[in-house]
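Residues: numbered from 1 along the sequence shown. Note that ligands are numbered from 1 as they come in the structure, with each ligand's atoms numbered from 1 the same way. Note that the structure is a prediction, hence the values are computed from the model and not measured.
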Amino acid sequence: MQQTEISSVGEFGLIDRITRDLPKYNESTIKSIGDDAAVLNYPETEVLVSSDMLLEGVHFDLTYMPLKHLGYKAAVVNFSDIYAMNGTPRQITVSLGISARFTVEHIEALYSGIRLACEIYGVDLVGGDTTASRSGLVISITCIGDAGKGASVGRDGAKDTDLICVSGDLGAAYMGLQLLEREKTASAGQKDFTPKFEGKEYLVERQLKPEARRDIVAALKSEGITPTSMIDISDGLSSELLHICKASKTGCRIYEDRIPIDYQTAVMAEELGMNLVTAALNGGEDYELLFTVPLHNHEAMQKMDGVKVIGHITRPDLGCAMITRDGAEIELKAQGFNHMA
Ligand code: ADP
Ligand code: MG
């Protein structure tokens, strides 16, 4: 494909190309790109704001991450934070640091992913900033959303005896990353290298094209259930559950045999000689929702598609632990876990 130097179109030329013909999905977007600031109108509601910054070489590796996927993922992980507050994402701003090796076409590819995510989730791209970077690509996205008045759900509302629930399955994105890293190492210095992903497509997809669980937020709403606490799983189940328990001043018990794990994740862990439960507890980037609901919702939660009850909240003095398949109690740690004395 023909490549256009960014210097030949200039900063404004680039902004024009990547923001051309943007659709508008939300009433709350009054004024979008083209002025000194976007104008939003949010009467009578709680407004949610969340930011994420991604640095090349720290958070992503362009050797196996196509730019379109990177744009999609950068947007979706921000939407996930808004859903995790029981809200709806409405607008994003995208700020870029671009180093000299990127062309107009590269940035357009990145934006095709951002635009696709915005289309699928109904979010408006309303602004951003564009600057030169000395080392690699930097993407910072801020997402704005809403929940009804008093309807946002934080990490701090879990209560003793609440059920702990998780959506989807865990550890697959981490195993996808291990697989991509393995194939990258194997490809080093080789021409015409074909990576081996057969039978492991799900893992690659979970790493390269994650989705935010708006369906779960909608399902809870339609059942009339408001979680007492909620968080999205970006750093691993263990770490997120500890965040909820710390903020809510509670303890918890989860059960090893209830942690949802996909077959491909299990196969990959075995191939790599890794402990599967460790991967599911500590592997990051699943972007599933972890939430607590009052005990009387047990039946509704068991019936809900794509959700599993994995344990319950306890008094704080009982600590945070996982009950293993053979009945042992293991203290949960943010990274790794230790046998309880
Ligand atoms: P300012 O000089 O006020 O910072 P800019 O020239 O940086 O304005 O941006 C012009 C317009 O383009 C603004 O509306 C801004 O929000 C938008 N914009 C700039 N960079 C981006 C980007 N990377 N993605 C989306 N919109 C952008
Ligand atoms: Mg600017």
Side-chain angles (χ1 to χ4, degrees), residues 1-42 47-62 65-82 87-146 208-210 212:
M1 193 171 71
Q2 199 214 317
Q3 299 290 317
T4 313
E5 294 264 350
I6 291 175
S7 57
S8 74
V9 298
E11 180 193 327
F12 298 122
L14 175 68
I15 294 171
D16 276 347
R17 288 206 19 190
I18 59 183
T19 63
R20 198 175 288 162
D21 300 325
L22 277 172
K24 180 185 122 154
Y25 301 105
N26 295 287
E27 294 264 316
S28 50
T29 306
I30 306 298
K31 198 170 209 180
S32 184
I33 288 165
D35 217 312
D36 295 313
V39 181
L40 310 179
N41 181 31
Y42 277 102
V47 179
L48 307 167
V49 181
S50 173
S51 289
D52 261 305
M53 180 144 97
L54 301 175
L55 306 182
E56 185 177 359
V58 179
H59 302 102
F60 59 89
D61 184 335
L62 291 173
M65 186 74 162
L67 281 159
K68 183 174 179 181
H69 284 73
L70 177 63
Y72 190 86
K73 182 169 175 176
V76 162
V77 304
N78 273 278
F79 304 162
S80 178
D81 280 321
I82 301 292
T88 307
R90 303 289 185 188
Q91 290 89 16
I92 53 169
T93 62
V94 180
S95 296
L96 301 176
I98 307 172
S99 69
R101 68 178 213 278
F102 292 91
T103 63
V104 172
E105 286 75 12
H106 288 140
I107 305 304
E108 282 180 329
L110 178 75
Y111 268 65
S112 70
I114 295 174
R115 281 167 177 261
L116 179 62
C118 283
E119 184 188 335
I120 290 174
Y121 289 87
V123 174
D124 297 325
L125 172 56
V126 298
D129 200 22
T130 308
T131 68
S133 150
R134 294 244 172 124
S135 62
L137 184 62
V138 179
I139 309 165
S140 171
I141 298 189
T142 295
C143 187
I144 299 143
D146 56 5
L208 296 186
K209 195 169 178 291

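Near Ile33, with a cut-off below 4.0 Å to any heavy atom, the atoms of ligand 1 are 12 (O), 14 (O), 17 (C), 25 (C), 26 (N). Every atom of ligand 1 is numbered from 1 in the order shown, and the set under 4.0 Å from a heavy atom of Phe12 is 6 (O). Within ligand 1, counting atoms from 1 as listed, the ones closer than 4.0 Å to a heavy atom of Tyr111 are 22 (C), 23 (N), 24 (N), 25 (C). Within the listing of ligand 1, atoms 13 (C), 14 (O) sit less than 4.0 angstrom from a heavy atom of Asp35.
When all heavy atoms of Ser50 and Asn78 are compared, the closest pair comes out as O-OD1, 3.5 Å. Ile114 and Gly71 get closest at one heavy-atom pair: CG1-O, 3.5 Å.
When only interatomic distances are considered, the shortest N/O to N/O separation between Val94 and ligand 1 falls below 3.5 Å. At least one N or O atom of Asp129 sits closer than 3.5 Å to an N or O atom of ligand 1. Residue Gly128 places at least one N or O, backbone or side chain, under 3.5 Å from an N or O of ligand 1.
When heavy-atom distances to ligand 1 are checked against a 4.0 Å cut-off, Thr19 comes that close only through its side chain, counted from C-beta outward. Residue Ile15 touches ligand 1 through its side chain alone, judged by heavy-atom distances below 4.0 Å.
Put simply, CG on Asp146 and CG on Asn26 are 8.0 Å apart, with the number rounded to the nearest 0.5 Å. Residue Phe60 holds its CZ atom at 4.5 Å from CD1 of Ile139, rounded to the nearest 0.5 Å.
Side-chain atoms of Ile92 and Phe79, non-hydrogen and from C-beta on, do get closer than 4.5 Å to each other. Between Arg90 and Asp124 the shortest side-chain heavy-atom distance does not fall below 4.5 Å.
Between the side chains of Gln91 and Thr29, at least one donor-acceptor pair of N or O atoms lies under 3.5 Å.
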